[in-house]
Amino acid sequence: MADAVSFSFSDTIAGYVVRFDSGARLLRLKTSDGREFDISLAGDPSAELVRNLDEPYIDASGHIDEMLSPGRFLFVHGIHYPEHGGRFDAKRLVFLGRGAEDYRFEEGSWWIKQIESLADFYKRAQFGDGPVDFTEYRTEIRLGGDKTASHVQETDTISRLVYGMASAYLLTGKDEYLEVAERGTEYLRKHMRVVDGEEDVVFWYHGISVDGDSERKLFTSEFSDDYDAIPMYEQIYALAGPIQTYRVTGDVRIKNDADATIRLFDKFFFDPEQGGYYSHIDPILFSADHESLGENAERKNWNSVGDHAPAYLINLYLATGEQKYADFLEYTFDTIADRFPDYKNSPFVQERFMRDWSHDKAHSWQQDRAVVGHNLKIAWNLMRMNSLKAKPAYEELARKIGEMMPAVGSDVQRGGWYDVVERVKQGDQETYRFAWHDRKAWWQQEQAILAYLILNGTVGGDANLREARQAQAFYNTFFLDHDEGAVYFNVLAGGTPYLLGTERLKGSHSMSMYHSAELCYLAAVYNNLLINGREMDFHFQPDPTGLPDRILRVSPDLLPAGAVRIASVEIDEKPYTDFDAEALTVRLPDVQSRVRVKVRLRPTAKK
């Protein structure tokens with residue numbers, strides 16, 4: 001195999017400085033798994049500081065020698081030449097902070113500024129400089145923010161945009177973001193919601209096709225995996241944006257929709273005999289076993305069982321504190337902890353199941369393959385749930401995933417996290433094979449960042465902090481589109497944006513504003529409140545008459561009990577003192593109109 005690398009190629013190395021010989025212009029880097037590389041800087045490479053969206057280029061080319069201090073983490077992009085056993089010439093260096101121990105994405109305002117930029121991009125892309133009119137909304141958005149010829153409005157992508165705007169309001173208090181969230185929620189309720197009075201449930205259309213002043217309802221999914229069926233995940237994500245908006249406004253109509261949709265899940269998707277939730281039902285009989293569903297009949301998967309929690313259920317509990325939602329969450333995570341691990345056969349969880357929970361290893365594209373991000377998503381959400389109701393099984397599984405995943409799901413040479421891999425090695429294979437490619441998707445970087453941030457913020461550990469920093473470094477270095485705005489869908493293994501097909505788009509069936517905004521919101525929460533001991537402000541605009549006992553619940557996420565407390569409250573820009581600092585609740589004044597609430601949360605101790 002010596003000839004296999006007898007050619008030049010460009011690549012990226014992520015690592016920690018071992019030493020730098022300024023005279024010889026030779027840098028030695030150590031990767032996260034301990035391998036060392038010699039890198040030549042003789043060709044005068046450029047150097048820069050990582051920058052946030054809307055920040056200008058920050059040149060560091062004149063500071064290379066003084067910045068290459070031992071222990072510093074950085075990215076080096078260069079060219080491999082197959083001479084003298086291999087030579088790597090650096091062409092571009094990216095530093096993560098000005099000091100060796102500085103990581104810019106740990107700045108208190110980094111993620112808040114990023115979500116503002118995202119919100120501005122998507123607001124401009126969908127509505128231009130005019131009023132917020134959701135008849136103009138389109139699912140498909142090109143790289144620069146302009147719309148394609150497609151006139152489809154998918155329910156889930158509107159909901160995901162709404163989620164992003166509501167999250168941006170929570171962090172910034174800017175009314176323009178809440179306006180988009182509320183108008184989008186109203187549009188969903190008016191155009192995509194179906195109230196079935198006979199069954200006492202609500203379900204949601206896949207979307208509508210708009211042609212001038214007329215619209216055509218799209219009842220069943222148009223997406224290839226779910227075509228002509230009602231998939232559970234589309235019903236789940238229809239709630240994501242409205243429920244995040246509900247956290248801000250307390251609009252009881254949104255809660256009523258959520259309760260009616262949960263009744264839909266329990267009546268038609270729930271399996272009362274074997275447990276869990278089916279992934280699809282047919283559109284006529286609302287049956288999970290109808291033959292028209294084909295390979296989706298009587299199937300269960302991660303999306304139908306686990307996605308309730310991050311998409312809407314945790315946020316619904318945070319907004320209400322109601323025990324029935326806590327019970328639903330506990331059932332969800334008990335099922336995950338019991339059914340998904342498969343460590344006798346693979347380091348990856350099992351994601352697809354038959355009705356009896358036997359493994360479905362022949363389903364469509366997934367076969368016996370692992371979505372790396374789903375493993376990380378499970379670890380992240382288990383640790384959230386563990387703060388609500390601690391169970392050894394939750395923490396043990398989260399820790400196990402956190403410890404196992406870097407070696408099998410991350411790129412230990414370039415940084416970042418892979419997409420889909422084979423769950424089992426075949427024959428004499430030493431590494432888990434990629435299903436199709438070695439590209440890296442933006443949403444899977446999010447799951448890695450949040451998993452390791454919350455692990456570090458709750459159970460500690462240098463390894464968790466290192467993984468969190470490395471994942472944040474890769475995302476902020478390579479996924480931010482500094483030319484057009486927002487973030488890229490996919491990058492190549494070395495970090496170069498991949499801009500072909502639907503992966504060129506900033507809006508599609510798979511991408512709106514949800515994952516990038518969720519990352520900003522929770523990375524800010526975990527970095528500031530759990531890890532770095534910084535206060536944070538959160539903004540709400542509720543009508544006190546719609547909240548039981550006028551109680552506004554302001555916990556930003558499921559955090560360890562006692563980790564944060566209310567430091568101060570302002571209502572309509574005036575100090576306000578009727579709050580329970582430890583319970584994270586504010587008793588609103590007895591007024592008949594909405595009030596503006598700003599709550600400052602203070603960590604009780606720095607880890």
Side-chain angles (χ1 to χ4, degrees), residues 118-166 176-177 179-195 202-231 233-242 245 257 283 442-443 481 484-490 499-517:
L118 291 169
D120 291 344
F121 174 89
Y122 280 102
K123 183 175 183 289
R124 181 175 63 253
Q126 293 291 357
F127 312 113
D129 296 325
V132 178
D133 180 0
F134 268 85
T135 62
E136 298 299 317
Y137 176 90
R138 296 296 181 267
T139 296
E140 290 191 355
I141 297 294
R142 296 187 189 277
L143 186 68
D146 52 317
K147 298 170 184 176
T148 71
S150 172
H151 286 197
V152 172
Q153 300 178 334
E154 289 189 27
T155 298
D156 281 10
T157 61
I158 293 179
S159 182
R160 286 166 166 151
L161 175 70
V162 167
Y163 173 94
M165 293 294 178
E176 61 196 270
Y177 304 148
E179 179 190 9
V180 178
E182 291 198 279
R183 292 197 178 189
T185 297
E186 287 300 311
Y187 194 80
L188 288 170
R189 298 187 77 248
K190 181 178 179 180
H191 295 267
M192 280 75 169
R193 182 183 59 139
V194 181
V195 179
V202 159
F203 62 91
W204 304 83
Y205 289 128
H206 169 77
I208 58 178
S209 179
V210 179
D211 184 9
D213 294 330
S214 65
E215 62 181 49
R216 177 171 61 87
K217 305 290 188 183
L218 304 175
F219 183 30
T220 58
S221 182
E222 301 271 297
F223 191 56
S224 58
D225 288 1
D226 318 293
Y227 189 75
D228 211 21
I230 301 175
Y233 78 91
E234 288 192 359
Q235 301 298 307
I236 285 173
Y237 277 99
L239 297 177
T245 305
D257 286 342
W442 95 106
W443 75 267
D481 184 349
E484 305 287 1
V487 301
Y488 298 114
F489 188 111
N490 259 355
L499 302 176
L500 296 176
T502 58
E503 292 166 53
R504 178 182 177 85
L505 302 176
K506 295 284 176 60
S508 66
H509 172 80
S510 302
M511 187 185 213
S512 186
M513 189 184 162
Y514 174 70
H515 286 293
S516 54

Legend entry - Shortest non-hydrogen contact from Ser221 toward Glu234: OG-OE2, 2.9 Å
Legend entry - CD-CE distance between Gln126 and Met513, expressed to the nearest 0.5 angstrom: 11.5 Å
Legend entry - Which atom of Arg193 lies closest to which atom of Trp204, heavy atoms considered: CB-CZ3, 3.5 Å
Legend entry - Whether Ser159 side chain and Gly241 backbone form a donor-acceptor pair below 3.5 Å: yes
Inset, instruction - Could you check if a side-chain atom of Ser510 sits within less than 4.5 angstrom of a side-chain atom of Phe489, using non-hydrogen atoms only? - result: yes
Inset, instruction - Could you tell me whether Glu186 and Lys190 make a salt bridge, using a distance below 4.0 angstrom between a side-chain N and a carboxylate O? - result: no
Legend entry - Closest heavy-atom pair and its distance - Arg142, Leu505: CA-CD2, 4.0 Å
Inset, instruction - Take Val210 and Thr135 through the side-chain contact (heavy atoms from CB on, under 4.5 Å) test and state the conclusion after the steps. - result: CA-CA 8 Å; Val210 179; Thr135 62; 5.8 Å; no
Legend entry - Donor-acceptor under 3.5 Å (Glu484 side chain, Leu143 main chain): no
Legend entry - Least distance between heavy atoms, Ala486 atom then Lys506 atom: CB-CD, 4.1 Å
Inset, instruction - Nearest 0.5 Å please: distance from the CD1 atom of Ile141 over to the OG1 atom of Thr148. - result: 7.5 Å
Inset, instruction - Please answer whether the main-chain N or O of Val132 pairs with a side-chain N or O of Arg183 as donor and acceptor at a distance below 3.5 Å. - result: yes
Inset, instruction - Hey, could you give me the CG/CG distance between Leu161 and Leu188, rounded to the nearest 0.5 Å? - result: 9.5 Å
Inset, instruction - Would you check if the side chain of His151 reaches a backbone N or O of Asp211 as a donor-acceptor pair within less than 3.5 Å? - result: no
Legend entry - Thr155 side chain to Tyr205 backbone, donor-acceptor under 3.5 Å: yes
Legend entry - Pairwise distance CE(Met511) to CG(Asn490) - rounded to 0.5 angstrom: 9.0 Å
Inset, instruction - Using the side-chain contact (heavy atoms from CB on, under 4.5 Å) rule, take His509 and Glu222 through it: C-alpha gap first, then chi angles, then the decisive distance, then the call. - result: CA-CA 10 Å; His509 172 80; Glu222 301 271 297; over 6 Å; no
Inset, instruction - Count the heavy atoms belonging to other residues, nucleotides or ligands that lie under 6.0 Å from CZ of Phe219, then report whether that count exceeds 12. - result: yes
Legend entry - Separation of Thr245 OG1 from Leu239 CG (nearest 0.5 Å): 11.5 Å
Inset, instruction - Examine Tyr514 together with Tyr237 and report whether their ring centres are nearer than 6.0 Å. - result: yes
Inset, instruction - May I ask you to decide if Glu154's main-chain N or O and Thr139's side chain share a donor-acceptor pair within less than 3.5 Å? - result: yes
Inset, instruction - Answer yes if the ring centres of Tyr177 and Tyr122 are under 6.0 angstrom apart, and no otherwise. - result: no
Inset, instruction - Specify the closest pair of heavy atoms between Pro242 and Thr185, including all atoms of both residues, with the distance to one decimal. - result: CA-OG1, 3.9 Å
Inset, instruction - Kindly give the heavy-atom pair with the smallest separation between Ala181 and Val162, and that separation in Å. - result: O-CG1, 3.5 Å
Legend entry - Derivation of the side-chain contact (heavy atoms from CB on, under 4.5 Å) call for Glu503 and Tyr488: CA-CA 8 Å; Glu503 292 166 53; Tyr488 298 114; over 6 Å; no
Inset, instruction - Please check if the side chain of Glu140 supplies one atom and the backbone of Lys147 the other of a donor-acceptor pair under 3.5 Å. - result: no
Inset, instruction - Take Tyr233 and Asp226 through the test side-chain contact (heavy atoms from CB on, under 4.5 Å) and record every step on the way to the result. - result: CA-CA 10 Å; Tyr233 78 91; Asp226 318 293; 2.6 Å; yes
Inset, instruction - Look at the side chain of Tyr163 and the backbone N and O of Ala517, then say whether any donor-acceptor pair between them is shorter than 3.5 Å. - result: no
Inset, instruction - Output the distance between atom CD1 (Ile158) and atom NE2 (His191), rounded to the nearest 0.5 Å. - result: 8.5 Å
Legend entry - Phe127 ring center near Phe134 ring center (under 6.0 Å): yes
